[in-house]
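Below you'll find the structure, written out as C-alpha cells, and then a few comments.
In what follows, every chain begins at residue 1, and chains take the letters A, B, ... in the order their sequences are listed. We use all heavy atoms of the structure for the numbers below, so side chains are in, but hydrogens, waters and symmetry mates are not.
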Amino acid sequence: MEESKEYAWLREIERKWQKKWEEAKVFETDPVENKPKFFITFPYPYVNGAPHLGHTFSSMRVDSYARFKRLLGFNVLFPQGFHATGEPILGVQERLNKGDEIQIKTMKLYGATDEDIERFKKDVKYIVEFWINRWINDLKLAGFSIDWRRTFVTAIDDHYHRFVTWQYKKLKEKDYIKQGRHPVIWCPHCQSPTGDHDRLKGEGETPVEFSIIKFRFNDSTVFPVATLRPETIVGVTNAWINPNGKYVLAEVDGEKWVVSEDAIKKLEDQLKIVHVIKEVDPKSLIGKKVHVPLIEKDVPILPSEIVDTDFGTGCVMSVPGHAPYDYIAFIETKKDPELSKYLEGIEPISIIKLDGYSDLPAKDAIEKYGIKSSSEDEKLEDATNEIYKKEFHVGVMKDNVLFLAGLKVSDAKEKVKELLQEKKAHDTMWETSGVVICRCTTKCHVKILENQWFIDYSNLEWKAKVKKWMKKMKFYPEEIRKLFFDTVDWLKEKACTRKTGLGTRFPFDKEWIIEPLSDSTIYMSYYIIQKYIAKHGIKAEQMTDEFFDYVLLGKGGVKEVVSKTGLDESILKEMRNEFEYFYPVDLRGSGKDLVQHHLTFFIYHHLAIWDNEKYWPRAIAVNGFVNVAGEKMSKSKGNIIPLRDLVTKKFSADLVRINIVTSAEDLDDADWRDENVNSFYSRMLNIYQITKKVAEDVPKGEKTKIDDVIVNRLKKIYHDWLEHTEALRFRSAAQRSFFELYSTISRYIEYKGGIENANKETLKMLIEYFAKMNSPLIPHFTEEIWSMLGNKPFVFSEPIKNLGNVDKKTMMLEKMIDDLLSDVRKLIDLSRKNTKIYLYAFDDEDKKILEEIQKYLARTFGFKEVKIYHKDNKNAIDPMNKRQKAKKFKPAIYLE
RNA sequence: GCGGGGGUCGCCUAGCCUGGUCAAUGGCGCAGGGCUUAGGACCCUGUGGGGUAGUCCCUUCGUGGGUUCAAAUCCCACCCCCCGCACCA
C-alpha cells in the first residue's frame, strides 16, 4: 500500500500522543473510591489474523464510547482479551502444512513473513501469540484506550482453563448442564461434525427429521418408505425403488428391512442396530406388492430413476396426485409397455383440497413448469417446493379419508404420525435439508451424537429470569431488544462440547472439550483477576474453586482461601474489592451477528452464576456490518483491508476512526469509502489553522451580540451531541459536534469579518468544545489542538462542562440572520439590483444585530452601501414604502 | 418455512414512534461564484418543476387502496431487498 505524505503530519501527532498516554498510564484503570465507574467491553476477537476494517467498526464504537464516558467523568475500565478456542487455528495450521496458497496469501497480507509461516506450521502457540501481539500493536496504533495489563488468551492458558472449569461446575450444580442425544451433520471421512464453515457445499443446511412408514411384504419384512409428508399416505398408489441401485436385506432393530445400501451407514449413525443379511436385486422387487398400513391396502413396487438411493431409505411411496416427482414417474410408467400392466386400473388419488388448483395439484405444477421428463431435476424441485408449501399451509384434507376429513394438512401430518405409531408402523430418520459436501469432498449425512453435553437454555425458570432482567436492561438501538426476546424464546439445549479443537476439557467428561461459544460467557469478570495474575505471578494451581468462589462470589472465608491457595490475604481482599467495584458490565458492544448466541448467552450465564442482580449486565449495544465502497467484504473480492495499513500508511488513526464510526448507526451496515475521508480531513486541517491563530493571539475583536448568538448555537450543538452520543449514535452526534460546529465556527469568523476581528475568548471556547466533543472519535487530533490552546493534557482529564440551556430568544436572532440572508439572496436574484440595500428593523434589538452584520452583508453581496433604519424612522430612505412591513425578527428590505 | 431489519429527491443517509413547522437532514458527487491570507484540501450558492421584489403554486418519499381538514409519517393489501436459524467463530 502506498504511503500518503498528505496525512503524515497527523500520523506524527498520533504517535506523539499515544506515547504520552502510555507513559502517563491513563488507560490503566484501578478502583477509585467515590468515583463512578463504567465497565465497558468488546467481545474478544479470534486470533487467526490481524484486525481489519470489519473488526474496526464495532471495536472503535466501543472505544469511542469509553472515551465519551471518561469525558463525562467516569472511571472507565476498558480491557481486551483474545480468543483461541475451537478449530480455526488448527485449520489454519493444517492448510499451511498442505501448502494452501490462499491461506499463505492471507497470512502475508496481514504481515506474516515466510519465517513466521514456517513456525506457524509447527507451533500453535506461536500462531496465537504472533497474532495477539499484532492485534495489541494495531489497536494501540489506532488509538484504543485499553488497559492492557488485563489482557489474556483462552484455550492455551492453564489459568483460564481453571476459570472455565469452575464456571461449569457451578452450572452443573445449578442443574443447567444436561446430557443427551443430538443430531449433527457429520462427515464420515473426517469423523466429526461439519459446521457451515467446513463445507464445500451446503451452507445453511440443517438436519431434518423424516418419517419412515413401514410398508410390509407378505412375510412382514419391512419396506420402509421415507417421507416428509406422512399425511399423503392416503393417496398412495404404489411404491418406488431405483432399479439400478444397490439394495440389501438387513436386520434393523430386530426387524427385517429392505433398504438401499447407502442407507445402512446412516441408520447405524442414527443409533439403530443394523446387520446386513444379504444383497437384494432391486429388479426382483418390481411388481411385488407391499401392504400399506392405516389405509390397509396392497400396492405394487415399481422402478423409477427419481429415487435416490443415497437419500432416506432408498424406498419411496408414490403419491402422484400431490407430489410432482411421483406424478411424472407415474405417467412415464403408464406409458412403459412392460410396466404399465402394474398400474392397470390405478389412477392418481386426490386427497387435498387446495384453492387455485385442480384436484391434482401435482399435475398442475408439472404443466405449469413445463416438465416433460423425470430427469428435469431443477424444475421438479421447484414444483415440489411450491406444492409442498402451499398444501402444508393452506391445504385441507378432503372427505374421502374419514379419519382425516377436514383437517388442515399441517394437523393431518401429526395425526397420521400418531396413528402410525399406534400401529407400530412409524419410525424416524434424519436427512440433511440439502446436499452437504465436506471440505474433504466427502458427502455428509446426519449422525446422532450420543452422550453429548448441553447447556439447558430451554430451562423455563432460567428463561423467565433472563426475560425479566432483559426488560430492565438497556439495548442500543432499542429495536434490537425484540430480537433478544425472540432469541430467548427459541433457544433450546445447546451442545456445549466438542471432541476436537483447542479449549478447556469438560470437567465431567474429559474426552470432551468445551466449545468456543460456551467458554466465553462470563469472562469479563476474568479481567479483574488477570491483572493480579500478571502482577503477582499467581499460578494456575493456586486458582482453586475456593479462589473463584471468594473473589467472584464473595463466598467462603478469606483465611480458608489463603490456606488453600497460598495467596496473600491482602491480594485476595484487593481482588474481591476490585470485583465489587467494577462489576457489573455496564456496556457490551458488538456486531448484530452475535445477538442470537454470544450476547444472549452472556446474559443467561451471568444470571446463572451470580444470584444478585447487582452483578448482572446493564446494557448491550449492537451495530451492523461493514461494507467497502458498497460491497460486502470478502476474501474473494480482495477488499479486506488490514487496519494497520489504513492507520499507518494510507490515512491515519483519527481519519479511519471518524470515517468508519460515523458511517452508519443503529442496525445499518457501515460503508467504508475512501473519498469521504477528505470531508473530515479538510475540516480538521482548517480547525488546526484556526487553533494556531488563536494560540498566536491573532483574534483581537470584542464580544458582541453575534458572540451570544454563536455561543447559543454551541449550547444547542452540545445538548444534541450529548443525547446522541449517550445512545451510541455517533453519526448523528458527529453531524452536530463536527460538521455543524465546524460551520458555526466558520460562520462566526465570516460574520466578524476575519479571524483578527473575532473574539479570542469565544473562539477559544468554540475550539475547546470542538476538541472535547470530538475527542471520542478523533482523540489524537483533539488532544493536539487542546494542548495548543494552552490546556493541560489530557483532553478527557477534566469532565466536559454542561453549557446550560439554549436561550430561545437568542435562537430567534440567529434565525433572523439566516432568513435575512436567504431573502436578500432571493431578492437580488429577482430584482438584479445589488448596489444599495436598506433594511428596516422592527426594534432596537433587531437593529443592533443587523448593524453587526452590516459589513458582512456588503462584503458578501457586493453592496456599495448598507443602511439600517428603525422602522419608525421618518427620515429613512424608503421609496417603496417597505418600512411599515417590518416585523419582529423580520426586517423589511429595499434594494437599489 | 420461522424470526428480525429495510425500501426517501444522482449516490449514501436523516425524518416515520409523538400526523401539519417537510420539496423534506447531513455527507458525497456535480455546477456556478468568491478569496490582499483559516489559502491547492477553504468559503458561499445552486442541485424535482414553475412563478414572483421576500415567507407562493404544482408533482414527489417501493406499489395500490384507506383514515383525516391534513400523511414520507397512521391503517390494510401487495411487490422487492438484506440478515440470522446453532454446535460455528
Hey, does the side-chain of A:His597 have a donor or acceptor N/O within less than 3.5 Å of a partner on the base of B:A89?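 Indeed, a donor on one side and an acceptor on the other fall under 3.5 Å apart.
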Check this for me: does the side-chain of A:Ser746 come within 3.5 Å of the base of B:A38 through a donor and an acceptor?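 When only heavy-atom distances are counted, A:Ser746 does reach the base of B:A38 through a donor-acceptor pair under 3.5 Å.
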Interatomic distance at [atom1], [N] relative to [M], whole Å:
N     : M     : atom1 : answer
B:C78 : B:A24 : P     : 34 Å
B:G54 : B:C61 : C1'   : 28 Å
B:C80 : B:G66 : P     : 24 Å
B:C74 : B:A70 : C1'   : 12 Å
B:U73 : B:C17 : C1'   : 10 Å
B:U60 : B:U47 : C1'   : 16 Å
B:G64 : B:U45 : P     : 37 Å
B:G48 : B:U36 : P     : 32 Å

Just the rounded figure in Å: distance from [atom2] of [N] to [atom1] of [X].
X        : N     : atom1 : atom2 : value
A:Ile455 : B:A86 : CD1   : C1'   : 12 Å
A:Gln689 : B:A38 : CD    : P     : 9 Å
A:Ile658 : B:G27 : CD1   : P     : 13 Å
A:Arg683 : B:G27 : CZ    : P     : 6 Å
A:Phe730 : B:G27 : CZ    : P     : 21 Å
A:Phe889 : B:U55 : CZ    : P     : 21 Å
A:Lys882 : B:U55 : NZ    : P     : 10 Å
A:Glu675 : B:G29 : CD    : C1'   : 9 Å

Can a side chain N or O of [X] be found less than 4.0 Å away from OP1 or OP2 on [N]?
X        : N     : result
A:Thr860 : B:C44 : no
A:Tyr742 : B:C43 : yes
A:Lys494 : B:C87 : no

Ion pair present between [X] and [Y], side-chain N to carboxylate O less than 4.0 angstrom?
X        : Y        : value
A:Arg181 : A:Glu450 : yes
A:Glu493 : A:Lys178 : no
A:Lys871 : A:Asp846 : no
A:Asp489 : A:Lys463 : no

[X], nearest nucleotide to its side chain (from [options]):
X        : options             : result
A:His182 : B:C11, B:U55, B:C87 : B:C87
A:Leu895 : B:A53, B:A41, B:C83 : B:A53
A:Asp486 : B:G54, B:U25, B:G3  : B:G3
A:Leu685 : B:G4, B:A53, B:A41  : B:A41
A:Lys482 : B:G4, B:A38, B:C12  : B:G4
A:Asn676 : B:C11, B:A53, B:C28 : B:C28
A:Arg825 : B:U45, B:C87, B:C12 : B:U45
A:Trp490 : B:G27, B:A41, B:A86 : B:A86
A:Asp823 : B:C83, B:U13, B:G54 : B:G54
A:Phe625 : B:A41, B:A38, B:C83 : B:C83

Scan [X] against the nucleic acid and name what it touches under 4.0 Å (heavy atoms): base, sugar-phosphate only, or nothing.
X        : value
A:Glu6   : base
A:Pro699 : nothing
A:Asp593 : nothing
A:Tyr894 : base
A:Lys890 : base
A:Ala664 : nothing
A:Thr85  : sugar-phosphate
A:Ile687 : nothing
A:Phe739 : sugar-phosphate

Identify, between A:Pro891 and A:Leu594, the residue whose nearest nucleotide on RNA chain B lies closer to the 5' end.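 Result: A:Pro891.
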With RNA chain B as reference, determine whether A:Val47 or A:Phe680 sits nearer its 5' end, using the nearest nucleotide of each.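 Comparing both residues, the 5'-ward one is A:Phe680.
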Judged by modelled atom types alone, do A:Ser737 and A:Asn774 share a side-chain donor-acceptor pair under 3.5 Å?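 Per modelled atom types, A:Ser737 and A:Asn774 side chains form a pair under 3.5 Å.
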Donor on one side chain, acceptor on other, A:Ser518 and A:Glu515, under 3.5 Å: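 There is such a pair (donor and acceptor under 3.5 Å, judged by atom type) between the side chains of A:Ser518 and A:Glu515.
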Pairwise distance CH2(A:Trp512) to CH2(A:Trp453) - rounded to 0.5 angstrom: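 If we round to the nearest 0.5 Å, A:Trp512:CH2 and A:Trp453:CH2 are 10.0 Å apart.
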Is the distance between the ring centroids of A:Tyr457 and A:Tyr176 under 6.0 Å?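 They do not qualify: ring centres at least 6.0 Å apart.
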Taking pairing as Watson-Crick or G-U wobble with both contacts under 3.5 Å, can you name the mate of [N], or confirm there isn't one?
N     : answer
B:A31 : B:U45
B:A77 : B:U63
B:G3  : B:C83

If only atom types and distance count, is the side chain of A:Asn757 paired as donor or acceptor with the main-chain N or O of A:Gly701 below 3.5 Å?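 Side chain of A:Asn757 to backbone of A:Gly701, a donor-acceptor pair under 3.5 Å: no, none is there.
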